[in-house]
Protein chains: 2
Amino acid sequence: MEIFYTSDIAGGILNLGEEESQHCIKVLRHRAGDEISVIDGEGTLFRCRIISDSAKGASAEILESFPDWGGHPYRLEMAVCPTKNMDRYEWFAEKACEIGLDSIVPVIGEHSERKVLKPQRLEKILLSATKQSLKGRIPQLKEAVSVKEYIGSLRDVPDRMKLIAYCFEDDSHPKISIRQALADMPEKCQGISVLIGPEGDFSAEEAALAMECGFIPVHLGPSRLRTETAALTSVFAVYSHFVL
Amino acid sequence: MEIFYTSDIAGGILNLGEEESQHCIKVLRHRAGDEISVIDGEGTLFRCRIISDSAKGASAEILESFPDWGGHPYRLEMAVCPTKNMDRYEWFAEKACEIGLDSIVPVIGEHSERKVLKPQRLEKILLSATKQSLKGRIPQLKEAVSVKEYIGSLRDVPDRMKLIAYCFEDDSHPKISIRQALADMPEKCQGISVLIGPEGDFSAEEAALAMECGFIPVHLGPSRLRTETAALTSVFAVYSHFVL
C-alpha cells in the first residue's frame, strides 16, 4: 500500500508537495481519476481521487477520511541523548516510529559527547517510517534541550508518568524494572515520558534533579544496552504494556 | 572494559589469535604482566595476566574464571528470514545479541526474495556485540535452512516452546499475543524458538506445516513491523517476560 503525505488540505481538496507529486505522478504514473491514500501527518488517512496529475503539484479530492489511522492507545514521549554515531540515533527513531510513539526529544546531557543534532534527516526518516508502518501520525521531533531543561519542564506536570533509566549506586532509590513501573502507573497519568542518558550516563546532578521533579528511576534488566537499544527497549516495554 | 576473545585455551593458559593480539599489544599497548579480560565465547570470562606480549600471538595465564558471565535466564533461538537489505538483518543480529539470545537461524521462506546469506559479516557483528554488551557467550549463527526444514526439525522436540509470528486470515486459529503465549508457557519447556517470516510473509503451506508441528501462532500487536523489527520485538518480549 503506497501512502502519500501532505499538510496542505482545505475544503475537501488536498495538494501534494513537489516531492510527493513527483513520486506519485512521475514514478508511480498515477493519473487524474486514480484513487490514492494520503496522510496528513496528524493522524488521519484520506482516500482520495486525483483531480490534477501535475508532477509539480498534484491535487486530489477527499472521498473518505480515517481518523487516528494506525494509532496506538498510549501517549509516549522519548527524551533520548543523541548517540556519538548518528546512524544509531536514526535507527532508534525509525524503529520507535514503527512500534509507536508520539514524540522524540533530543536531550543533551552533561556527559554527552554529541551536543548538536541536525533535525532534517531525522524528520525524513520519521516520515518514511510513518508511511511504511501505515500510521497517520508522524511522531513529533522536538527541539533539542539540555537534560536539566527537559527535567525542569516536567516538574509541574502531575499527570505524566516520568521515568528515567538510571540506577543509583547506593540503595537510596528502589530499583524497579520499567515493566513494574508501568504496571504501577497511576490512573490519572495521561502520558509517559522516558528519559535515556548518553553513553557516559547522567551526571549525579541530573539524576538528583530528576528525582526532585518526580521522575521514577527504572532499570531495563541485566543486559548492558547501548543508548539506542535502551531507548528502544523502553518503547517496546510501553507498547507491550498497552497492546500485547 | 576491554574484552578479548579466544577459543584457544588449555592448561590454564590462553592464546589470543593474530587479530586479537594485534589489538591487545599493538593498539592498546598491553605488556607482559598486564591483566586483561578474555571470553571463550562459550559463556566464561577469564581474568588473566599476559605472559607473552607478541603482537602476532599473545598468551596469558588464567587468574580467575567467571562462568555464565553476562548470561540470561532463558534459552532463545530466533529463526528469521533474511531481509532484502542485509544491513537490516545485521542490525537485528547486533541488537538481539545485546538484549540476549542463544542462536540465530537464517531461514529461507517460499516467499523470501533473498535466498542466500554470507555468514562471515554476521559472525563478526555477533562477536563484537557480545564483547560490547559484556557477555561471555557468543550467540550461535546456525546454517541457513528452508522454513519447512526448520519447522520439520522441531516436529519431535516436545520441550520447546515453538512460536510463529503469523496471523491466519480466517479464525481457524486463536490470535494471542506473544506476551500471552509466554505467560502460558508450559513448565516442561526448556527453550523457546520464534519463527519470523520474510517481507512476503509465510506461504499457506509453511503456516499449515508449522501448526502441524506444534507451533503456536502469535501476533506482535497492531503495529505493522518490518521483518527485523518483528524479530527484535520477539526478543524483547522474551527478555521482558524473564527479566523485567
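Every chain is numbered from 1 and lettered A, B, ... according to where its sequence line falls, protein lines coming before strand lines. From a predicted model like this one, the values you see are computed outputs, not experimental measurements.
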So, for A:Leu244 and B:His219, which heavy atoms are closest and what is the spacing to 0.1 Å? CD2-O, 4.3 Å
Is it the case that over 12 heavy atoms from other parts of the model lie below 6.0 angstrom from the NZ atom of B:Lys118? no
Quick check on the interface: out of B:Ser133, B:Ser223, B:Gly100, who has the most heavy-atom pairs with chain A under 4.5 Å? B:Ser223
Can you measure from OG1 (A:Thr229) to CD (B:Gln132) and round to the nearest 0.5 angstrom? 7.5 Å
Can you confirm whether more than 12 heavy atoms, excluding those of B:Glu113, are under 6.0 Å from its CD atom? no
Residues A:Phe236 and B:Ser240: closest non-hydrogen pair is CE2-CB, 4.1 Å
Within a strict 4.5 Å, meaning less than it, do heavy atoms of the A:Phe242 and B:Pro222 side chains meet? no
Tell me, yes or no, whether the heavy-atom count around A:Glu2 atom CD, taken from other residues, nucleotides or ligands under 6.0 Å, exceeds 12. yes
Is the closest basic N to carboxylate O distance between A:Glu228 and B:Lys95 below 4.0 Å? yes
Where the side chain of B:Tyr239 meets the backbone of A:Leu220, is there a donor-acceptor pair that is under 3.5 Å apart? yes
Tell me which of these, A:Arg226, A:Gln180, A:His72, has more heavy-atom pairs under 4.5 Å with chain B than the rest. A:Arg226
Between B:Arg179 and A:His241 the two heavy atoms that sit nearest each other are NH1-CA, 3.5 Å
Please say whether more than 12 non-hydrogen atoms of neighbouring residues, nucleotides or ligands are located less than 6.0 Å from CZ in B:Arg47. yes
Against chain A, label B:Ile176 side chain, backbone, both or neither, depending on which of its atoms sit under 4.5 Å from a heavy atom there. neither
Between A:Gly221, A:Gly70, A:Ala129, who has the most heavy-atom pairs with chain B when the cutoff is under 4.5 Å? A:Gly221
Under 6.0 Å from the CD atom of A:Glu64, do we count more than 12 heavy atoms belonging to anything else shown? yes
Look at the aromatic rings of B:Trp91 and A:Trp91 and report parallel, tilted or perpendicular, splitting at 30° and 60°. tilted
